[in-house]
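Working notes for the structure below.
The first residue of the sequence shown is numbered 1, and numbering continues consecutively from there. What you are looking at is a predicted structure, and each value in this text was computed from that prediction instead of being measured.
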Amino acid sequence: MIGKLEPLEEWMVRENPCEFRDEYEIGNILIDAEHRTLFEITGKVYDILKDGATIADAPDIVSILDELKKYTIEHFADEEEYMQSINYAGLEAQKKAHQSFVYALNDIDKEKIYSDPADYVGSLLEFLLGWLINHILKVDTLIPSK
């Protein structure tokens with residue numbers, strides 16, 4: 001739907017794969033700031049994982065993922081409002097992509113976080129970052145700036 005992400009080894013092995021990079025900027029101050037915040041929230045999960053996530057970290061991980069979901073929904077609303085204000089032709093496709101990501105966030109298995117946080121959350125983080133990076137680079141960069 002949104003294309004292939006560059007090979008995992010090219011971005012997940014960076015010192016901090018959750019670092020917002022210049023290449024992710026789309027030229028809209030609000031959207032870029034919100035994307036930066038999404039990376040920062042995701043980075044909180046990454047920090048726990050790189051320090052060796054244990055079951056004791058599960059409540060913090062769940063809390064951060066809840067924060068990510070809430071902020072993602074707010075961001076998508078802002079982004080869609082902007083696209084509507086400029087009569088962006090790709091709005092409906094964006095809404096569908098956003099909706100599918102929110103569904104994925106709703107489907108996070110919190111029981112697995114409590115039973116095996118390192119493995120499950122590691123895979124989850126790869127998905128979240130992969131989706132976010134791919135979506136920004138392949139879809140959001142097509143949104144014109146005012």
Side-chain angles (χ1 to χ4, degrees), residues 1-50 53 58-146:
M1 175 187 341
I2 55 177
K4 297 259 186 214
L5 186 63
E6 62 189 68
L8 180 64
E9 63 272 7
E10 291 183 26
W11 61 273
M12 200 58 190
V13 297
R14 293 178 182 153
E15 185 175 328
N16 180 2
C18 299
E19 177 183 18
F20 187 83
R21 301 164 60 95
D22 291 344
E23 67 189 280
Y24 304 151
E25 291 185 359
I26 68 163
N28 178 290
I29 294 170
L30 173 66
I31 293 172
D32 287 337
E34 289 183 351
H35 285 164
R36 187 176 303 277
T37 299
L38 289 170
F39 277 83
E40 289 169 3
I41 296 168
T42 306
K44 293 178 190 179
V45 175
Y46 175 74
D47 289 342
I48 292 172
L49 283 177
K50 77 176 182 178
D60 291 334
I61 294 168
V62 168
S63 177
I64 294 165
L65 291 172
D66 286 343
E67 176 188 5
L68 177 65
K69 182 171 101 175
K70 180 181 178 200
Y71 193 81
T72 297
I73 291 168
E74 291 174 20
H75 163 65
F76 287 164
D78 289 344
E79 195 173 84
E80 290 169 10
E81 182 178 315
Y82 170 71
M83 288 185 283
Q84 186 170 4
S85 77
I86 63 168
N87 296 314
Y88 179 57
L91 175 59
E92 288 308 311
Q94 280 270 30
K95 284 182 177 181
K96 288 178 183 176
H98 291 168
Q99 186 177 45
S100 72
F101 190 66
V102 171
Y103 286 155
L105 290 172
N106 286 331
D107 284 343
I108 291 173
D109 189 340
K110 292 180 180 177
E111 288 181 25
K112 287 185 180 178
I113 295 171
Y114 280 93
S115 65
D116 188 5
D119 186 49
Y120 179 72
V121 179
S123 296
L124 180 61
L125 184 65
E126 286 181 24
F127 166 75
L128 294 173
L129 279 174
W131 192 95
L132 183 59
I133 291 168
N134 200 22
H135 185 76
I136 290 170
L137 293 176
K138 305 284 185 187
V139 180
D140 285 351
T141 54
L142 300 176
I143 302 169
S145 298
K146 276 188 178 177

Under a 3.5 Å distance rule, please check whether Ser63 uses its side chain to pair with a backbone N or O of Pro59 as donor and acceptor.
no
Here the gap from Asp47 atom CG to Asp60 atom CG, rounded to the nearest 0.5 Å, amounts to 12.0 Å
One should read off an interatomic distance between Thr37 OG1 and Tyr71 OH, to the nearest 0.5 angstrom, of 3.5 Å
Q: Report, as yes or no, whether the 6.0 Å neighbourhood of atom CD on Gln84 holds more than 12 heavy atoms from other residues, nucleotides or ligands.
A: no
Value for CG (Leu132) from CG (Asp140), rounded to nearest 0.5 Å, stands at 8.5 Å
* Take atom CD1 in Ile86; do more than 12 heavy atoms of anything else shown fall under 6.0 Å from it? -> yes
Salt bridge check: are Lys95 and Glu92 linked by an N-O gap of less than 4.0 Å?
yes
Between the CZ atom in Phe39 and the CD1 atom in Ile136, the distance rounded to the nearest 0.5 Å is 4.5 Å
The reported gap from CE in Met83 to CG in Leu91 (rounded to nearest 0.5 angstrom) is 5.0 Å
Does one side chain, of His75 or His35, offer a donor that lies under 3.5 Å from an acceptor on the other? yes
**Asked** When you measure from the side chain of Tyr120 to the backbone N and O of Asp109, does any donor-acceptor pair fall under 3.5 Å?
**Response** yes
So OG1 of Thr42 and CD of Glu67: to nearest 0.5 Å the spacing works out to 9.5 Å
